[in-house]
Every structure is written in structure tokens, then in C-alpha cells.
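These notes are about the structure you will find just below.
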Protein chains: 2
Amino acid sequence: MYINEHVINKMQDTLKLAGDATRLKILFCLLDELDTSSSDPHHLIEKCVNDIALQIGCSQSLVSHQLKDLKDGDFVKSRKEGTKIYYSLKDEHVKQIMQITYEHVLEGEHHD
Amino acid sequence: MYINEHVINKMQDTLKLAGDATRLKILFCLLDELDTSSSDPHHLIEKCVNDIALQIGCSQSLVSHQLKDLKDGDFVKSRKEGTKIYYSLKDEHVKQIMQITYEHVLEGEHHD
DNA sequence: TGCAAATATGAATAGATGTTCATATAATAT
DNA sequence: ATATTATATGAACATCTATTCATATTTGCA
């Protein structure tokens, strides 16, 4: 790893983006393991803004705002179809960060 | 992964903790690959508060504040020796989060 | 006991951030 | 054209956060 100020700032942006409850809910919503529409474990889950808002219990406006940030940070991508816009996770890094963070949190629970 | 509100909040705390330039500098400082005092790649690097402050160019007070947060979040541990307190990374999760985030940032650089 | 070194702590503050509300834009259908 | 559905946007605001400054605490040593 070659670290300089610029890389530090980018990493800060990336982790700050992940470090918000609403955005985490959106990401988990797009990661939903319970989706049974495909047997492929790497199946791409796509959801439109309103569906996400309903599922996580937040306003449409808030979800739209956060999706914009998530997209700017390369966490999600989008695809337009009619009036709807489908969002999905962009790459494996996001899933990995969520997975490791999840493990870290679980481990912390043991000695609380 | 079993996700509920509590887990989401803990993950938020963890990622928010990592998402700060000063704290990232501290963590990288404790991860320093350039340390040649041991040939063991898993060598534990310990540094006291003042040394960290000098190396990353921040005040002693700021570093102490941030180290407290990093310790509360299980990112670092400490060991007392005389008047000095030596800090080191606590577990592998921290390193992994840094590594993956680093890769994510590098990948993003390609299409900017 | 008194002094110096290392670290921790608390208050204060400026700046960043999440959320809401109202409104704008875009696409589709009647 | 008009209405409807879906999404985006911008301003406003309250809350959170990083940093600084001054000071307290702890340990070792003369």
C-alpha cells in the first residue's frame, strides 16, 4: 500500500460513506440474501428508489439523496427503465467491507 | 448475516470510526510496513502517543483523543510501560477494512 | 517533596452531516 | 395537453464531530 494525503482523503470519504445507518440499510437491502429469484449466489439484486424506501422505512427523498452519494462513491450503480431507476451494488469491495465490519461487530458483542 | 437495528448501529459506529483522516493516519502509522525490526510479517508494531503525534504531524491532545475513540471501538489496544503508553492495532479486521478500502479507492482512480 | 515527562480530559467552537419539506424534472399514459 | 408516477434537487435546520486550548493526572526521578 502506497499511502499519501490524497489516498487518505479518498479512504476517509469511502469509509464515511459506509458509516451511516440509513446508507447501510440501503446497502443491505441491495445485498438481500433472502432473494429467491435466482439460485446464483452472485445474482445482481436491483431495486428502484421507492421499493428501497418502503423496505427500509425511510422517505423517498432521503433515499434518493443517499443513493446519489452512494453512487458518487462508487458503491452502487443505476439503470434506467421507463420512469423507474434500478439501483444495485457496484462491486465486491462494498460487500467485503460490510462483511468484515459485520464480523468485527459480532466479535465485539462477546465481551460487552 | 443477521441484520437488525442494533447491528446496523454498531456497524455505523465502526465505519464512522474508520472514516476519518486523522484516525486513518494513526492506524497506518501502527501498520507501518516499513518497520524492519522483525522479519515476521505479523510483527506487532507498538508506538507511544507522542511518537504517533510526531509521525503524523498532529498535536498530542488530538492523537490522545482519537486513540481513546479507536480503543473504545476495539481498533487498538494499549500497554503501559512507565510513563509511556504503547498502542498497537487490535485485530485483523482493522487491517482488512483498510486493505479493501484501499483497493476500492485505487480502482476508483482509474476512471476519474 | 518537588520537578519533568507523557498522557488524558473537558469545555468551547467552527464546520460538516443527516433529515425534512417543498418543489422541480422526466417519462408514461389517457 | 394534462395527469400521474417515479425520482431528483435545493434550501433550511438541528445535530454531530474534529480540533484546539488550557489544565489535570500519572509516573519516574532528583
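Values below: all heavy atoms of this structure, side chains included; hydrogens, waters and symmetry mates excluded.
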Distance in angstrom units between [X] [atom1] and [N] [atom2], rounded:
X        : N       : atom1 : atom2 : value
Lys84(B) : dA8(C)  : NZ    : C1'   : 17 Å
Arg79(A) : dA27(C) : CZ    : P     : 16 Å
Gln12(A) : dT17(D) : CD    : C1'   : 11 Å
Leu15(B) : dC16(D) : CG    : P     : 19 Å
Asp13(B) : dT17(D) : CG    : C1'   : 13 Å
Lys68(B) : dT17(D) : NZ    : P     : 14 Å

Exercise for the section: Output yes when at least one side-chain N/O atom of Tyr87(A) is less than 4.0 Å from OP1 or OP2 of dA8(D), else no. Expected result: yes
Exercise for the section: Give a yes/no on whether any side-chain N or O of Asn50(A) is located under 4.0 angstrom from OP1 or OP2 of dT7(D). Expected result: yes
Practice task
Can you check each nucleotide of nucleotides 16-23 of chain C against protein heavy atoms at under 4.0 Å and return B for base, S for sugar-phosphate only, - for none, in 5' to 3' order?
Solution key: -SSSBBB-
Completion exercise
Expected string for nucleotides 25-30 of chain D under the B/S/- scheme (protein heavy atoms, under 4.0 Å, primed atoms plus P, OP1, OP2 as sugar-phosphate) is -SBS--
Does the [X] side chain pair with the main chain of [Y], one donor and one acceptor, at a distance under 3.5 Å?
X         : Y        : result
Lys47(B)  : Cys29(B) : yes
Gln12(B)  : Ala21(A) : yes
Tyr102(B) : Ile3(A)  : no
Asn9(A)   : Glu5(A)  : yes
Ser64(B)  : Gln60(B) : no

Practice task
Rounded to the nearest 0.5 Å, what's the gap from CG on Leu17(B) to OG1 on Thr101(A)? Could you check?
Solution key: 11.0 Å
Handout entry: Distance, nearest 0.5 Å, that separates OH of Tyr86(A) from CD1 of Ile52(A)
Key = 11.0 Å
Exercise for the section: Can you tell me which stems involve DNA chain C, if a stem is defined as three or more consecutive Watson-Crick or G-U wobble pairs, both distances under 3.5 Å? Expected result: C:1-30 with D:1-30
Problem - Test: Lys84(A) and Glu81(A) ion pair at under 4.0 Å - result: no
Completion exercise
Quick note, salt bridge (Lys or Arg N to Asp or Glu O under 4.0 Å) partners involving residues 63-73 of chain B, not counting sequence neighbours, are Lys68(B)-Asp72(B)
Hey, does [Y] have a side-chain heavy atom less than 4.5 Å from the side chain of [X]?
X        : Y        : value
Leu31(B) : Ile45(B) : no
Leu24(B) : Leu15(A) : yes
Ile85(A) : Cys48(A) : no

Exercise for the section: Report the residues that fulfil ring pair (Phe, Tyr, Trp, His ring centres under 6.0 Å) with His93(A), sequence neighbours left out, ordered by chain and then residue number. Expected result: His104(B)
Practice task
Determine the contact category for Tyr86(B): base if any of its heavy atoms lies under 4.0 Å from a base atom, sugar-phosphate if only primed atoms, P, OP1 or OP2 are that close, otherwise nothing.
Solution key: nothing
Close N/O contacts between protein and nucleotides 2-4 of chain D (under 3.5 Å):
none

Practice task
Identify which one of Arg79(A), Lys77(A), Lys80(A) satisfies the salt bridge (charged side-chain N to carboxylate O under 4.0 Å, His left out) criterion when paired with Glu46(A).
Solution key: Arg79(A)
